[in-house]
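Atom set for the values below is all heavy atoms of this structure, side chains included, hydrogens, waters and symmetry mates excluded. Both ligands and their constituent atoms are indexed starting at 1 by order of listing. Since we're looking at a predicted model, the values are computed, not measured.
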Amino acid sequence: MTSAGARPARKAVIPVAGMGTRFLPATKAVPKELLPVVDRPALQYIVEEAARAGLGDVLMVTGRNKGAIEDHFDRHPELEALLEKKGDGDRLAAVHESTDVAAVNFVRQGEALGLGHAVLQAAPFVGDEPFAVLLGDDLIDARDHLLEQMLAVQAEHGGCVIALLDVGRENIDKYGAVAIEEDTQEGVVTITGLVEKPPVDQAPSSLAIIGRYVLAPEIFDVLRETAPGRGGEIQLTDALATLVERGEPVHGVVFDGRRYDTGDKLDYLKAVIRLASERDDLGPALRSWLHEFVSELPAEGASPS
Ligand code: UTP
């Protein structure tokens with residue numbers, strides 16, 4: 001296992017091969033990771049987050065129906081030439097953003113056999129060094145520096161580091177859940193057990209695993225031996241549980257910032273409204289409309305006229 005003070009992570013893996021069934025029918029042909037959050041695909045925020053944290057070497061694990069993702073992170077010479085000809089510098093810059101932000105590579109996950117299986121496809125790209133995993137539908141607000149904090153914890157303690165969010169006991173059955181020891185330092189906990197989507201009454205805590213991980217390369221050997229678990233999928237949570245059972249260090253960083261699951265319809269709407277309302281160009285008009293809209297809303301339980 002990677003020891004504390006060893007090489008820092010340099011690479012980011014973003015699994016985007018899931019089916020996105022919670023967002024059907026929108027995601028029948030359009031990958032959920034490309035649904036726009038205001039005017040940019042959700043996935044672009046995530047690549048930017050990786051680049052900001054110093055992880056400019058990115059691998060996306062894609063699947064069928066995900067060709068548009070490759071197109072989005074590729075050049076578009078005809079469009080660029082058109083915008084240049086029109087002298088539309090702002091839109092040209094917006095088009096360049098997705099190609100300039102990071103070096104983006106792709107590998108296919110032939111079959112969507114689970115998040116653990118998706119991460120395993122990254123083994124040749126990652127090699128023998130720690131790396132980050134950012135889920136392609138999990139948006140962390142750019143003002144909250146979760147990934148940077150996780151990278152610092154990994155550099156200090158070695159092993160693996162996972163992001164945790166207190167979702168309340170009543171919601172924990174939708175997530176991977178963890179058992180923890182006392183805080184080792186403010187907001188950092190030692191993980192003593194992990195279980196994927198436990199029944200509420202059997203959950204070890206209300207702390208859920210959210211879509212950011214910094215992993216030691218030893219995870220790949222464990223994933224190769226991990227049998228399908230919950231939902232018949234090869235679960236990353238199960239591989240991490242094996243590492244904990246073997247006595248390898250796995251830490252958690254408890255996040256209390258802004259996070260949106262853009263694969264979930266309600267959370268997606270919240271992300272769009274929140275981010276748009278905070279933008280200089282759209283915010284003033286949207287906020288004023290929202291005030292008016294909310295003041296006219298019927299009381300909860302009544303249906304709008
Ligand atoms: P999710 O469970 O949120 O994705 O997986 P999903 O299966 O697409 O979602 P629903 O429930 O059907 O709506 C978390 C992340 O792991 C990726 C997904 O793309 C998402 O970013 N994933 C999941 C893979 O890359 N491969 C898989 O086999 C499963």
Residue pair Lys265 / Arg22, side-chain heavy-atom distance below 4.5 Å: no
Side-chain H-bond candidate by donor/acceptor type, His117 with Glu233, under 3.5 Å: no
Partners passing side-chain hydrogen bond (donor to acceptor under 3.5 Å, both in side chains) against Arg143 (at least two apart in sequence or in another chain): Asp141, Glu278
Phe220 vs Phe131, ring pair (Phe, Tyr, Trp, His ring centres under 6.0 Å): CA-CA, chis, key distance, verdict: CA-CA 11 Å; Phe220 294 124; Phe131 64 104; 5.1 Å; yes
Those protein residues which place at least one heavy atom below 4.0 Å from ligand 1: Pro15, Val16, Ala17, Gly18, Met19, Gly20, Thr21, Arg22, Lys32, Glu33, Gln109, Ala112, Leu113, Gly114, Leu115, Ala118, Leu135, Gly136, Asp137
With Arg230 via side-chain contact (heavy atoms from CB on, under 4.5 Å) - residues at least two apart: Glu196, Lys197, Gln235
Test ring-ring contact (aromatic ring centres under 6.0 Å, His included) applied to Tyr213 - qualifying residues, sequence neighbours left out: none
